[in-house]
There are 2 protein chains.
Amino acid sequence: MAQDDVYPVSLACGDCPIQHRAVCARCDSEELVELEKIKYYRSFEAGQTVIWAGDQMDFVASVVSGIATLTQTLEDGRTQMVGLLLPSDFVGRPGRARAAYNVTATTDILMCCFRKKPFEEMMDRTPHIAQRLLQMTLDELDAAREWMLLLGRKTAREKIASLLSIVARRDASVNMSTAAARMTFDLPLTREAMADYLGLTLETVSRQMSALKRDGVIELQGKRHVTVPDMDRLLLEAGDDSDGGFLV
Amino acid sequence: MAQDDVYPVSLACGDCPIQHRAVCARCDSEELVELEKIKYYRSFEAGQTVIWAGDQMDFVASVVSGIATLTQTLEDGRTQMVGLLLPSDFVGRPGRARAAYNVTATTDILMCCFRKKPFEEMMDRTPHIAQRLLQMTLDELDAAREWMLLLGRKTAREKIASLLSIVARRDASVNMSTAAARMTFDLPLTREAMADYLGLTLETVSRQMSALKRDGVIELQGKRHVTVPDMDRLLLEAGDDSDGGFLV
DNA sequence: CGCCCCATTGACTTAAGTCAATATGTGTGG
DNA sequence: CCACACATATTGACTTAAGTCAATGGGGCG
């Protein structure tokens, strides 16, 4: 397992940027005191592996800042990303001893880790945590299913457009900016990571990015900074159901 | 929405074939009494639609017997299966008013429905239910992620072999038969449903089934009855990690 | 400056899709 | 009981989207 920085990061739950969205979101102050006792922070640099599939895992964690990926691989090296972990997302499964997926830091990340045993015990007596985790897991399942539609049925161009709109939407929600017609954001993934996300090769990703640029759907400043002049156009290219209506 | 049979089916929880695996698995007898009050049964014939994506959904349910599918579609009709519902699987999401997916009965099915409002209220005060549902949802998420690897990175032949081994494994677990070298089972899906599951066309499914037959990996009795002379061989064709080791 | 990583582009191959004809099988009514 | 119709499945011929292999380009950092 990769070496991580273990310099003492300290952060009171009350000052935590993800407190309102993380697994602890519903906890009252008493419960937070209890969580403080079993938590510790770890940070990883961009590119580092947080944990390998199959490794013993004695903690569960929340991503505090940065981006990490969950990937699965076939023996011959083909790899598929199966999760994109953003701030407030949860890593690990209570009741499971070993990691099921590779977790890799895509940017520098900070994770709030809970020792697994005490966390599990606490979950058994704290419905707030189990309820919140259930909600988050159901959301992830919905995301996974939308992703399955993308992987199984969309063309390369649609896949790229879908990924770009997902990143744009998330970026808007983080920056509290309203979803405008024209949007600009950073793409936190390499072409290879995009390919692993979308079930494509990196060459195809590159070609389709160029094609979308040529067709005026996107503009590129450098490799990673994207401007979408017309979000509706992008959404159309993504091929999703027109009514971007959200299910409640 | 399709017409369903509402003839009065009645089944005490104590006699329920899925009681030990369903969302109510952890409930004590007192809790079961409460559940009895808010439950009712509905049955659907093979081919019927249980609910359309977007429809109001005033119940959640467990599949008691039979098989149903969850599908998602693009506007132009491309469809992708995103869930295969077997006995004891749960349908619907507490806290959500409308169905997110199309639910279709593949065989005749019986569902144990709970009125949504009272079920949600009960969930809030009954940790056993939320805990069990969390466990089931985490299992589904794992299955969805394995499926994503299949959709994104496997070849048509590997996809078919994977589906066959999943069905074989499930069949074995239902029949309590040990996973033997030689196995025989029914394939409860049409070629089209298989294609929707695997992100392929039905022609490709047909061709690959023929190829696996020609190569001696499977034998067919009629369209739907499959014999696998050597499960290890099939697993190999599925391309999964050799150690079929299960994560706990 | 030059190296390294990441990305782009081109030429060619191939797996899977499309369109279409044919086969198999099942249930219904004459 | 047969024959017809309709569903489902198979197979063939051809097309195409995406993959592969390989060369080239460009930006950032020591």
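All chains are named by letter (A, B, ...) in the order of the sequence lines, taking the proteins before the strands, and each is independently numbered beginning at 1.
Rounded to an integer number of Å, the gap from NZ of A/Lys213 to C1' of C/dA7 is 11 Å. One atom, CG of B/Leu202, and another, C1' of D/dT10, lie 10 Å apart when rounded to the nearest Å. Whole-Å rounding puts the B/Arg224 CZ to C/dG25 P distance at 13 Å. If you take CZ of B/Arg191 and P of C/dG25, they are 12 Å apart, rounded to a whole angstrom. With rounding to whole Å, A/Leu187 atom CG is found 14 Å from C/dC6 atom P. Atom CE in A/Met209 sits roughly 11 Å away from atom P in C/dT9 (whole-Å rounding). Separating the CG atom of B/Leu220 from the P atom of C/dT24 is a distance of 14 Å, rounded to the nearest angstrom. Put simply, CD on B/Glu45 is 14 Å from P on C/dG27, counting in whole angstrom units.
Taken from CD in A/Glu158 to CZ in B/Arg78, the straight-line distance is 4.0 Å, to the nearest 0.5 Å. Between A/Leu236 atom CG and B/Glu75 atom CD the span is 8.0 Å, to the nearest 0.5 Å.
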> In B/S/- notation, 5' to 3', how is nucleotides 13-19 of chain C contacted by protein heavy atoms closer than 4.0 Å?
Replying inline: ---SSBB
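Within 4.0 Å (heavy atoms only), B/Ser210 reaches sugar-phosphate atoms of the nucleic acid but no base atom. Residue B/Arg78 is out of contact with every strand shown, counting any heavy-atom pair closer than 4.0 Å. B/Thr190 comes within 4.0 angstrom of sugar-phosphate atoms only, judged by non-hydrogen atoms across all strands, and of no base.
In D/dA22 the O4'-C1'-N dihedral to the base is more than 90° from 0, which defines an anti nucleotide.
Using a 4.0 Å cut-off between charged side-chain N and carboxylate O, A/Glu203 and A/Arg207 make no salt bridge.
Below 30°, between 30° and 60°, or above 60°: for A/Tyr40 and A/Phe59 the angle between ring planes is above 60°, a perpendicular geometry.
Pairing of C/dT8, defined by two Watson-Crick or G-U wobble distances under 3.5 Å, is identified with D/dA23. Pairing partner, C/dT24: none, since no Watson-Crick or wobble contact has both distances short of 3.5 Å.
Exactly one of A/Lys154, A/Arg169, A/Arg153, A/Lys159 qualifies for a salt bridge (charged side-chain N to carboxylate O under 4.0 Å, His left out) with A/Asp240. That residue is A/Lys154.
In this structure a side-chain-to-backbone donor-acceptor pair under 3.5 Å is missing from B/Glu219 to B/Val228.
The side-chain heavy atoms of A/Asp142 and B/Arg96, taken from C-beta on, include a pair separated by under 4.5 Å.
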